Amino acid sequence: MARRTGRRPGNPATRDAILDAARAAFAQRGFDGTTIRAIAAEAGVDPALVHHYFGNKDQLFLAAMQAPIDPRELLPKVLAGDRDGLGERLVRMFVAVWDSPAGTAGVALLRSAVSNEWTARLLREFLTTQVLRRVLDHLEVDPAEVPLRGSLVASQLIGLALMRHVVRLEPVASAAPETLVAMVGPTIQRYLTGELPG
């Protein structure tokens, strides 16, 4: 009898225990305050098993969030090009993701975040650590300004997703993506690179 090759299938209960521990840890302590070792301890497994199932902390976080996309795959295209077009490229990517089949999971997460503090914390961590930090680090803005700039960008983008896909406010709900890019992009650009008051 021939031996099977490749990775042995894992135990679904172990994988689920790791995900449950990760969701609780990320919601309670945030992305930066959570370690693989702490998640493993909470799940009652060896840290090597967490790496076996999920790779690194970023990948574990995306799995815990049930994120339909990996920002690390999309952001290089957004960050390529001149600094002055970053706002438009970010809005273009954001709208493309939310308007795609992958956006359905985002809409469900957004609906849940509005009424559930635990989900809101996870969404906040996702936006902050996986998207906004990467964009703002690329710009090399004053570190003291990063929280304000990031939260302004998030308010605009999440507001756009909420009006387009949850509230379905017209004409935003049915606007062509490039219309939204042209209208919202300059505001995002100002939040990213413009002068902040006082």
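The structure displayed is predicted, hence computed values, not measured ones. What's counted below: heavy atoms across the whole structure, side chains too, no hydrogens, waters or symmetry copies. Residue numbers count from 1 along this sequence.
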Taking the inter-plane angle between the rings of F61 and F31 on a 0 to 90° scale, is it parallel (under 30°), tilted (30 to 60°) or perpendicular (over 60°)?
-> perpendicular

Check whether any side-chain N or O of [X] sits under 3.5 Å from a backbone N or O of [Y] as a donor-acceptor pair, and report yes or no.
| X | Y | result |
| --- | --- | --- |
| H138 | L79 | yes |
| R89 | D82 | yes |
| R149 | L192 | yes |
| T128 | R124 | yes |
| E170 | S174 | yes |

For [X] and [Y], which heavy atoms make the closest approach, and how far apart are they?
| X | Y | answer |
| --- | --- | --- |
| P71 | P76 | O-CD, 4.3 Å |
| N56 | I36 | C-CD1, 4.4 Å |
| V146 | L136 | O-CD1, 3.7 Å |
| A48 | D46 | N-OD1, 2.7 Å |
| T34 | G30 | OG1-O, 2.6 Å |
| P143 | P147 | O-CD, 3.6 Å |

Below 4.5 Å, heavy atoms only, C-beta onward: do [X] and [Y] meet side chain to side chain?
| X | Y | result |
| --- | --- | --- |
| L19 | L60 | yes |
| I158 | L127 | yes |
| M183 | V91 | no |
| V95 | L160 | yes |
| L123 | S112 | no |
| Q28 | W118 | no |
| V184 | F94 | no |
| P186 | I188 | no |

Electrostatic pair D32-K57, nearest N-O below 4.0 angstrom |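 No, D32 and K57 are not salt-bridged.
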
Pairing of R134 and D58 as salt bridge, 4.0 angstrom limit |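 Result for this pair is yes, salt bridge flagged.
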
Could you state the interatomic distance from [atom1] ([X]) to [atom2] ([Y]), rounded to the nearest 0.5 Å?
| X | Y | atom1 | atom2 | answer |
| --- | --- | --- | --- | --- |
| R29 | E125 | CZ | CD | 11.5 Å |
| T14 | Y53 | OG1 | OH | 4.5 Å |
| L62 | Q59 | CG | CD | 8.0 Å |
| I69 | Q130 | CD1 | CD | 9.5 Å |
| K77 | R92 | NZ | CZ | 9.0 Å |
| R23 | L122 | CZ | CG | 8.5 Å |

Would I39 and E42 satisfy side chain to side chain contact (heavy atoms under 4.5 Å, CB included), going step by step from the backbone distance to the final call?
-> CA-CA 5 Å; I39 290 169; E42 182 65 29; 5.8 Å; no

Any side chain to side chain donor-acceptor pair (under 3.5 Å) pairs touching residues 182-192, not counting sequence neighbours?
->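 Qualifying pairs: Q189-T193.
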
Output, in order, the C-alpha distance, side-chain angles, deciding distance and verdict of side chain to side chain contact (heavy atoms under 4.5 Å, CB included) for W98 and L110.
-> CA-CA 11 Å; W98 282 79; L110 187 56; 4.0 Å; yes

Any chance CZ of R72 has more than 12 other-residue heavy atoms, nucleotides or ligands included, within less than 6.0 Å?
-> yes

E117 atom CD, neighbour heavy-atom count above 12 within 6.0 Å | yes

Salt bridge (charged side-chain N to carboxylate O under 4.0 Å, His left out): which pairs involve residues 99-112, sequence neighbours left out?
->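 Qualifying pairs, neighbours excluded: D99-R164.
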
Given the rule in the side chain to side chain contact (heavy atoms under 4.5 Å, CB included) test, do V131 and V153 qualify, once you have shown the distances and angles that lead to the verdict?
-> CA-CA 10 Å; V131 180; V153 170; over 6 Å; no

